[in-house]
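Data block below; observations after.
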Amino acid sequence: MAGTAQEILVYNRNIVINIIALILIGSMAIWAATNKHRVREMRMFMRMCVLTAGISICDIVYYSEMKKLQTGDANAAIFWGWVLIDVFMFLMVGQWLLFVEYSLHQSNDVIKRDYKYIMIPFWVAVVFIAGSYLLYNDFVFDRIPPEHIEAYGLIGGYITRALSWIAKGIIVFYYIFAYYLVAKEKKRIKIPNYVVITPTVICFILGMFYNRDYLTRVQSIFFTVGLFLIWFFMFRRFAFMDPETGFFTEKYLKVLYDNYEKAGENGCSIISFTPKGDPLKMADVLKEWIPEDSKTVRLSNGKFLVVSEALNRSVAKRYMSLITEQAREDGIDVETDFATRADEPVQKFFEKMM
């Protein structure tokens, strides 16, 4: 496999590429660790940084050991590096899907409720991709009787390729599922949420399917670029988000005005909550009961506005009662208000509720 001077140069090049990827990942991780937005998305982003760094580190170890093959000093790190790289890639995709889901709905409850079974095929894919290497490697071949090696190699080759492609097919399903989530959200709520996934998906797919040739396998750089794009679009959303609660700020009101102006006759409802107590505790209460078709805005005067399509008054009252009761249990008194826009200008309607 290894030995020529040209191959050694390629290995060194790939090591340098992975070191560059590590530096970029480290820069994004430092930004995430020091950013003022202390929201769940940031923790998810940090996990993706760790997984992508794991891919780079495994690749560096892999190519360092490949350089030793010609002297016979290489060890099992070559094999385990190859296994862990694909496992880390799959875990990265799984974490990314949860990140997309949370970015769309800002709700842990949705993930806990809907992803209990959705993630089962994902873990099957992780087992398959790991198994495809564990069953077909030099360690196993050394323990096969010589008369059975040819048959085992042929059958094992078909089995491992089948496991690998099934695993990758499952991961492709999750890419498609992410598009389904975004499309479903856009159909239900026309308000922009600035969740963009296509550039990242392209990078991830290139990384996943550009890792078979041991001379050109530098998938970590593709995943690093994908991670940068996640960072870029997250940063763009954070310009509209309150760093303490993860809710939108008053800057986002202009987006809401434009949306409902374009909606024409379609009305909107606003439920306002004015807490007399810790606003962060109030935010935690609201996060537990966010209506799926709404946006929550934190105002500088302490109010929280829950904005949605036109609601029936009885539905709104039940929701306000639920929030008020939960807040009271947490030691917070809350003043509430509710209104649905009729034919008045959108901005005037919002200002009335602010």
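One is the number of the first residue; the rest follow in order along the sequence.
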Is any side-chain heavy atom of Phe247 closer than 4.5 Å to one of Met241?
no
Residue set satisfying salt bridge (Lys or Arg N to Asp or Glu O under 4.0 Å) with Glu325, at least two apart, ordered chain then number -> none
Taken in chain and number order and not counting sequence neighbours, the residues that satisfy side chain to side chain contact (heavy atoms under 4.5 Å, CB included) with Leu280 are Glu244, Thr245, Asp278, Arg298
dist Asn14:CG -> Ser56:OG (nearest 0.5 Å) comes out at 11.5 Å
Sorted by chain and number, sequence neighbours left out, side chain to side chain contact (heavy atoms under 4.5 Å, CB included) with Val196 holds for Pro199, Phe233, Arg236
Using atom types as modelled, flag every donor-acceptor pair under 3.5 Å from a side chain in residues 327-337 to any protein atom, sequence neighbours excluded.
from   : atom 1 : to     : atom 2 : distance (Å)
Glu335 : OE2    : Lys276 : NZ     : 3.1

Practice prompt. Would you mind reporting whether Leu97 and Leu181 have side-chain heavy atoms less than 4.5 Å apart?
Written response: yes
Closest non-hydrogen atoms of Ile85 and Cys58, given as atom of the first, atom of the second and distance, are CG1-CB, 3.5 Å
Point to revise | Side-chain touch Arg47/Met92, heavy atoms, less than 4.5 angstrom | key: no
All heavy atoms of Ser164 vs all of Ile129, minimum pair found to be OG-CD1, 3.7 Å
With side chain to side chain contact (heavy atoms under 4.5 Å, CB included) as the criterion, how do Arg341 and Lys348 come out once you've worked through the C-alpha distance, each side chain's angles and the decisive distance to 0.1 Å? CA-CA 10 Å; Arg341 172 178 169 250; Lys348 184 178 179 180; over 6 Å; no
Check: Are Leu299 and Phe304 side-chain neighbours, meaning at least one heavy-atom pair lies under 4.5 Å?
Finding: no
Rounded to the nearest 0.5 Å, the CG atom of Leu163 sits from the NZ atom of Lys168 at a distance of 12.5 Å
ask   = Does Leu206 reach the side chain of Gln219, with side-chain heavy atoms less than 4.5 Å apart?
value = no
Residues Gly226 and Thr200: closest non-hydrogen pair is O-OG1, 3.5 Å
With Phe204 as partner, the option from Phe222, Phe223, Tyr174, Phe90 fulfilling ring-ring contact (aromatic ring centres under 6.0 Å, His included) is Phe223
Heavy-atom count check: over 12 atoms from other residues, nucleotides or ligands less than 6.0 Å from Lys352 NZ? yes
By ring-ring contact (aromatic ring centres under 6.0 Å, His included), Phe228 pairs with (sequence neighbours left out) Trp231
Rounded to the nearest 0.5 Å, the OH atom of Tyr102 sits from the CG atom of Leu98 at a distance of 12.0 Å
ring-ring contact (aromatic ring centres under 6.0 Å, His included) filter on Phe99, not counting sequence neighbours, yields none
Next item on the list: Compare all side-chain heavy atoms of Met44 with those of Trp96 and state whether any distance is below 4.5 angstrom.
Entry: no
Hits for side chain to side chain contact (heavy atoms under 4.5 Å, CB included) against Ser269, two or more places apart or cross-chain, chain-then-number order -> Ser308, Ala310, Leu311, Phe338, Thr340
More than 12 foreign heavy atoms under 6.0 Å from CH2 of Trp31: is that the case here? yes
For Lys254, the salt bridge (Lys or Arg N to Asp or Glu O under 4.0 Å) test, sequence neighbours excluded, returns Asp258
Using a 4.5 Å side-chain heavy-atom cut-off and chaining through intermediate ILVMFWY residues, the residues clustered with Leu24 come out as Val16, Ile20
Residue set satisfying ring-ring contact (aromatic ring centres under 6.0 Å, His included) with Tyr117, at least two apart, ordered chain then number -> none
dist Ile57:CD1 -> Asn18:CG (nearest 0.5 Å) comes out at 10.0 Å
Notebook entry, point to check: How about Ser103 and Arg237: do any of their side-chain heavy atoms sit closer than 4.5 Å?
Noted result: yes
By ring-ring contact (aromatic ring centres under 6.0 Å, His included), Tyr257 pairs with (sequence neighbours left out) Phe350
**Report entry** Side-chain donor/acceptor of Asn301 to backbone N/O of Met354, under 3.5 Å
**Finding:** yes
To the nearest 0.5 Å, atom OG of Ser272 lies from atom CE of Met353 at 4.5 Å
Residues passing the side chain to side chain contact (heavy atoms under 4.5 Å, CB included) test with Tyr179, sequence neighbours excluded, are Ile197, Thr198, Val201
Does one hydrophobic cluster hold both Met46 and Ile30, with members joined at side-chain heavy-atom distances below 4.5 Å? no
To the nearest 0.5 Å, atom NZ of Lys251 lies from atom CG of Leu253 at 12.0 Å
Quiz prompt | Hydrophobic cluster identity match, Val127 and Val93, side-chain contacts under 4.5 Å | solution = no
Worksheet item: Does the ring center of Tyr180 lie less than 6.0 Å from the ring center of Phe177?
Response: yes
